[in-house]
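Report on the following structure.
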Amino acid sequence: NNSDYTIYSTPVTGFTKKDIASTDVNRQSATLPPFSRQGTNIVQQNLQNPPQLSIAQKTPTEVPYSAKFQLDYLGNTGVGIQTGGGFGTGLAGGVNGIFSDILGNNQLFGALSLNGELIDVGGQFAYLNQKKRFNWGASLSHIPYLSGAQYMFYDTLKTNTGDSLEVINSSLDLLRTFQDQVSLFASYPFSTIRRIEAGASFARYYYRLDRYSDYYDVTGTYYLGNKRERLPTPGGFNFGNGYLALVGDNSFFGVASPLSGHRFRLEAAQYLGIVKMSNFTGDYRKYFRLAPVTLATRNLFVGRYGPDAESGILPPLYIGYPFLVRGYDALEYADGSSSLPITINDLIGSKMYVGNIELRLPFTGPERLSAIKSRLLFTELNLFTDGGIAWGNRTEIFGEGKEQTMVERKSKFVMSTGISLRLNLFGYLIIEPYYAIPWQNGGWKNGSFGFNFTPGW
């Protein structure tokens, strides 16, 4: 009625007991309207007495199933061009797509991107077989990582007469780190909420360093020209790893994060090549639904063990990232003589533990779930407490030569509390502005604003 549904209910005692004949049935609801019709009702007659149709019997032709790939999804398409600025002409753009057969048993994923010159082309291709309960796949990728540094120093130039001219070199060094990787992965589900995962990969890393130099006279007044040169780099290296993990997830997602259920991941990984070490991860998340709010908890442990766990080849673990412990992302790096209450040095290590508690309220969104009804704006209001500690990598060397000192740092447990608002931007991106009070870094006086660009854990 009026584009809506109404359901009426009553207990059995609400009905009147009355004997009726088995043939006393009101067939009006099965009669095509209008109920009072002039002339012959041909449709109703044919429904009551269907005409006898003669259909020729024919044996269907069997055709073998063909797992032909077709395009399912295409996204992130675009292209741009730039020129000038001392760097020549460059291109930027990318595209990714997913192909599968009609049953989804086989899937192909491909992505291409370009940001700069032709040497900056990156791509990844993956295949996934889902025909049976045991899923497996493989991927192949080439990814360039670009970083840079700017310098200004005294240099010499050769003039047309062969003389040496002292100049100021304002240079920009662009370092490209290339990763060529092949990976294998598989998973086996025990149920709809629990599975085991395994994978292995081998990667080759190598470099290219380009220097863009702008020359000025020693007073910095006159521009003398520019030059681009390719500088020598260290040799490449190999890096491989394998992992085995038990994964569980029966959580139900709200507007920006899970609202009930649990998630966990127990993983053991082994690294080979330039790094020889083992890595263990334990991550357990529990969500207690106390409508209209949810009490969410997370316990995360990551530990590195083995010869290179504390060698410094890999960057140490850091608990000050805003998706771990909020409020500690603006710290300084300091040597052993620092008098600051806390520095980056105090939050890094080869092992870490992070604990989080959040009280989540779906603020705006679907009427049945949120405090304020909205069809466009999906938000979640959170009160949080974060805490964590990192240990390992405790000995550092500062200074050079006879001035070298070894400093053994002590682990520090840090906590923060605050408020955040997660915004779900039409299902494409979730952003989380927050205000955090870092209790081990000044407390109220050092409260800070920040952003996360990930869904709620």
Side-chain angles (χ1 to χ4, degrees), residues 78-94 112-123 142-180 203-239 274-275 311-316 329-338 340 343-345 348 396-407:
V79 65
I81 187 171
Q82 65 179 20
T83 186
F87 301 101
T89 301
L91 292 171
L112 285 175
S113 67
L114 173 63
N115 187 19
E117 305 177 42
L118 290 178
I119 59 175
D120 297 309
V121 173
H142 169 79
I143 302 176
Y145 298 95
L146 183 63
S147 57
Q150 196 162 14
Y151 306 94
M152 185 172 290
F153 55 91
Y154 289 104
D155 201 353
T156 57
L157 281 180
K158 291 290 185 180
T159 64
N160 294 333
T161 60
D163 297 328
S164 295
L165 177 65
E166 187 175 8
V167 295
I168 295 177
N169 186 342
S170 177
S171 69
L172 175 66
D173 289 356
L174 295 182
L175 175 65
R176 292 174 172 88
T177 303
F178 299 100
Q179 179 206 61
D180 294 339
R204 175 69 179 174
Y205 291 83
Y206 52 99
Y207 308 98
R208 171 173 172 152
L209 179 60
D210 293 288
R211 171 168 290 178
Y212 297 83
S213 298
D214 289 301
Y215 297 105
Y216 300 85
D217 71 327
V218 291
T219 65
T221 305
Y222 300 101
Y223 178 67
L224 304 177
N226 60 64
K227 182 177 68 172
R228 173 182 175 177
E229 57 183 329
R230 184 172 176 178
L231 302 181
T233 58
F237 61 89
N238 299 325
F239 184 74
I274 193 174
V275 175
S311 65
I313 297 177
L314 289 181
D329 53 342
L331 300 179
E332 298 181 10
Y333 181 84
D335 59 22
S337 62
S338 173
L340 296 174
T343 66
I344 289 178
N345 311 49
I348 61 177
E396 287 192 283
I397 300 176
F398 297 96
E400 297 180 357
K402 296 181 179 180
E403 302 297 325
Q404 282 188 352
T405 58
M406 298 183 65
V407 178

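From a predicted model like this one, the values you see are computed outputs, not experimental measurements.
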- Task: Would you check, one step at a time, whether the test salt bridge (Lys or Arg N to Asp or Glu O under 4.0 Å) holds for Lys158 with Asp163?
- Result: CA-CA 6 Å; Lys158 291 290 185 180; Asp163 297 328; over 6 Å; no

- Message: Determine whether Glu117 and Arg208 satisfy the following criterion, salt bridge (Lys or Arg N to Asp or Glu O under 4.0 Å), listing intermediate values before the conclusion.
- Response: CA-CA 13 Å; Glu117 305 177 42; Arg208 171 173 172 152; 5.3 Å; no

- Query: Could you go step by step and tell me if Asp210 and Arg230 meet the salt bridge (Lys or Arg N to Asp or Glu O under 4.0 Å) rule?
  - Reply: CA-CA 5 Å; Asp210 293 288; Arg230 184 172 176 178; 5.4 Å; no

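Residues Asp180 and Tyr206 have side chains that bring a donor and an acceptor to within less than 3.5 angstrom of each other. Between the side chains of Asp214 and Tyr223, a donor-acceptor pair is found at a separation under 3.5 Å.
Under the 4.5 Å side-chain criterion, counting only non-hydrogen atoms from C-beta, Phe239 is in contact with Tyr205. Proximity of Val218 to Val167: side-chain heavy atoms (C-beta onward) are nowhere separated by under 4.5 Å. Two residues are said to be in side-chain contact when any heavy atoms from C-beta on lie closer than 4.5 Å; Leu209 and Arg211 fail this criterion. Within the 4.5 Å cutoff, side-chain heavy atoms of Leu165 are placed close to those of Leu224. Annotation: side chain of Asp120 is not in contact with side chain of Leu118 (no heavy-atom distance under 4.5 Å). Looking at heavy atoms from C-beta onward, Tyr215 lies in side-chain contact with Leu157 at the 4.5 angstrom threshold. The shortest side-chain heavy-atom distance between Gln179 and His142 does not fall under the 4.5 Å cut-off.
For the atom pair OH of Tyr145 and OG1 of Thr177, the computed distance is 9.5 Å after rounding to the nearest 0.5 Å. Separating the OG atom in Ser171 from the NZ atom in Lys227 is a distance of 11.0 Å, to the nearest 0.5 Å. Rounded to the nearest 0.5 angstrom, Ser213 OG and Arg228 CZ are separated by 11.5 Å. To the nearest 0.5 angstrom, Leu146 atom CG is 8.0 Å from Leu175 atom CG. Interatomic distance, OH of Tyr222 versus CG of Asp217, reported as 7.0 Å (0.5 Å rounding). Rounding to the nearest 0.5 Å places CD of Gln150 at 5.0 Å from OG of Ser170.
Tyr151 approaches Ala149 most closely through the heavy-atom pair OH-CB, 3.6 Å. Closest approach of Gly220 and Ile168 over heavy atoms only: N-CD1, 4.1 Å. A pairwise comparison of heavy atoms in Tyr207 and Thr233 identifies O-OG1, 3.7 Å as the closest pair.
The backbone N or O of Asn169 lies less than 3.5 Å from no partner atom in the side chain of Asp155, so there is not a single donor-acceptor pair.
Tyr154 OH: 12 or fewer foreign heavy atoms inside a 6.0 Å radius.
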